[in-house]
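What follows is a set of notes on a single structure, which appears directly below.
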Amino acid sequence: MITAADIATGPNIILSPLLVVAPTLTAWFAGPWTTGGIGVLAMAGEAVSGWRTGSLTSRNVVVEMIAIAVITSLIVVLCAVRDRHSRQMARVRSVAEAAQQVVMWPLPSRLGPLRLACVYLAAEEEAEIGGDLYAAARTGSAARVMIGDVRGKGLPALGEAALLLGAFREAAHQHASLPDLATSLERSMTRYLADFEPEGEAGERFVTALLVEIPDSEPLVRMTSCGHPAPLLLGPDNTVHVPRLHPGPPLGVGVTDPDNHVVDVLPFGPGDTLVLYTDGVIEARDQNGVFYPFAERAAQWTDHSPEALLHHIERDLLAHTGGHLGDDVALLAIRRAHIPHDEAEAGEDRQRYERNAEPSPEDTGTLRAPRSRSRSPSLLAARASAFRRSVVPGRVRRRDGQAYF
């Protein structure tokens with residue numbers, strides 16, 4: 001086009017020097033071979049333009065052709081170097097992604113009667129994971145899930161995250177109760193920190209974690225909090241409950257007594273969704289410093305599938321922060337699909353519960369019971385139903401009845 005315009009305008013207007021733009025622009029989207037070919041075509045166009053005007057052998061045309069050849073050669077070399085670095089970065093990124101997936105195994109979409117979905121947003125650029133973590137395991141007739149948050153963020157916190165994930169995958173199958181599991185994880189963290197904790201950070205490395213156990217045949221969920229935020233319990237009637245847990249000490253502080261960890265029991269029936277998260281969600285701010293209203297926003301999508309729910313939350317969170325996260329974010333949604341529990345078993349469990357269970361006088365929807373005693377799924381389901389009827393649809397309430405927003 002430049003050559004045609006140069007010929008059409010006659011000898012008074014010279015456009016042929018603009019031919020050097022062609023290989024320069026081509027380098028933005030093409031490789032060295034294509035860029036070199038366009039450079040050759042530009043030189044040919046310069047020759048045709050000079051021939052048509054009768055100045056092919058003039059000093060100006062010869063200099064312009066040499067300039068196009070030199071600039072094209074330099075651009076081709078730069079394209080080759082750029083493409084080589086791109087291939088190297090692609091290989092490095094591929095290895096890094098594989099290594100990060102080894103640390104943070106992808107969770108299955110189904111785990112027994114549960115449907116799972118997860119989202120991980122790393123605060124550090126080019127990283128897939130950081131200091132937040134989650135894992136799940138099947139243990140007989142129940143599922144156990146852990147979500148945690150290492151002090152700090154990004155890749156520097158990856159060591160503690162990898163250690164805790166490995167310890168959970170092994171210990172989840174070896175301990176009957178959540179407090180015993182928490183104690184085992186604490187011992188693993190203590191051993192690791194004793195060997196690898198930097199001298200200048202003694203006593204400052206720890207992990208908050210929430211351990212969750214969901215039996216297949218009971219409409220309830222057991223939780224032990226190690227200093228971690230309580231999850232959201234989304235009901236099928238567009239309500240969001242914020243359970244009041246009894247948090248224990250974080251992992252890594254050296255407290256190895258199982259009695260320091262309490263098991264909180266909550267109703268969790270078909271259609272209910274449990275949303276576990278890290279503090280990167282509730283501490284996310286917009287440009288005016290306003291925190292992300294997590295429970296209020298989640299109440300809009302309680303009737304969505306776990307995957308769609310987290311998709312909406314992820315988009316809304318990034319929109320709230322302008323796409324810039326100050327901390328790693330991990331989200332895990334769990335929905336119970338069905339309960340393989342017949343009426344005879346329910347009746348037997350209720351009789352055992354009435355004989356043995358001793359609810360706390362200050363119970364407000366969170367049941368503290370001895371770990372060795374059975375809990376009644378029928379009674380818990382009835383409590384859940386009564387509690388949901390007492391909540392105005394669309395309002396977010398704590399389990400103590402006070403409005404959350």
Side-chain angles (χ1 to χ4, degrees), residues 117-134 147-157 161 204 206-210 223 225-235 237-245 247 250 272-334 364-366 391-405:
C118 55
V119 166
Y120 199 110
L121 303 174
E124 191 160 330
E125 295 183 4
E126 301 297 333
E128 296 291 330
I129 61 174
D132 290 357
L133 55 102
Y134 51 69
I147 189 168
D149 186 0
V150 179
R151 177 186 175 272
K153 64 179 180 180
L155 296 179
E204 298 182 6
F206 58 86
V207 182
T208 66
L210 181 66
M223 289 182 280
S225 173
C226 302
H228 199 81
L232 300 184
L233 182 59
L234 312 184
D237 50 355
N238 295 327
T239 57
V240 178
H241 310 318
V242 183
R244 188 176 61 185
L245 304 183
D272 289 341
T273 302
L274 196 66
V275 181
L276 315 181
Y277 58 92
T278 57
D279 60 7
V281 179
I282 56 178
E283 294 179 359
R285 306 189 187 201
D286 63 10
Q287 59 183 359
N288 298 320
V290 178
F291 289 106
Y292 179 65
F294 183 38
E296 179 181 350
R297 298 293 178 86
Q300 305 175 48
W301 306 299
T302 57
D303 57 341
H304 288 61
S305 66
E307 296 82 2
L309 170 66
L310 294 191
H311 175 71
H312 286 300
I313 293 175
E314 177 184 2
R315 293 183 57 185
D316 192 55
L317 177 64
L318 292 175
H320 181 82
T321 61
H324 302 288
L325 297 173
D327 195 1
D328 301 322
V329 167
L331 287 160
L332 179 59
I334 307 171
T364 57
T366 301
V391 177
V392 179
R395 294 294 304 275
V396 179
R397 294 180 178 268
R398 294 188 184 274
R399 300 201 69 87
D400 55 8
Q402 298 179 356
Y404 185 79
F405 69 90

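Keep in mind that what you see is a predicted model, and the values were worked out from it rather than measured. Just so you know, these numbers use all the heavy atoms, side chains as well, and skip hydrogens, waters and symmetry mates.
- Without hydrogens or angle criteria, D286 side chain to N288 main chain gives a donor-acceptor distance under 3.5 Å.
- At a threshold of 4.5 Å between non-hydrogen side-chain atoms, the residues L210 and P229 do not count as touching.
- Closest non-hydrogen pair, V281 versus L317, comes out as O-CD1, 4.2 Å.
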Next on the checklist: Using the rule given for side chain to side chain contact (heavy atoms under 4.5 Å, CB included), can you reason through V242 versus L232, listing the C-alpha separation, both sets of side-chain angles and the distance that settles it, and then say yes or no?
Outcome noted: CA-CA 5 Å; V242 183; L232 300 184; 4.0 Å; yes
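- Between atom OG1 of residue T278 and atom CG of residue L331 there is a gap of 6.5 Å, rounded to the nearest 0.5 Å.
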Item to check | CA sep, side-chain torsions, deciding dist, call: L310, L332, side chain to side chain contact (heavy atoms under 4.5 Å, CB included) | outcome: CA-CA 8 Å; L310 294 191; L332 179 59; 5.8 Å; no
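- In this structure, Y292 and R297 approach most closely via the heavy-atom pair OH-CB, 3.6 Å.
- The closest side-chain donor-acceptor pair between T208 and D149, if any, does not fall under 3.5 angstrom.
- Counting only distance, with no hydrogens or angles, the side chain of H228 and the backbone of Y277 share a donor-acceptor pair below 3.5 Å.
- In this pair, H304 and H312 present their aromatic rings perpendicular. The plane angle is above 60°, beyond the 30 to 60° band.
- Looking at L234, V119, T302 one by one, the single match for side chain to side chain contact (heavy atoms under 4.5 Å, CB included) with L309 turns out to be L234.
- When every heavy atom of D327 is checked against every heavy atom of D279, the shortest pair comes out as OD2-OD1, 3.4 Å.
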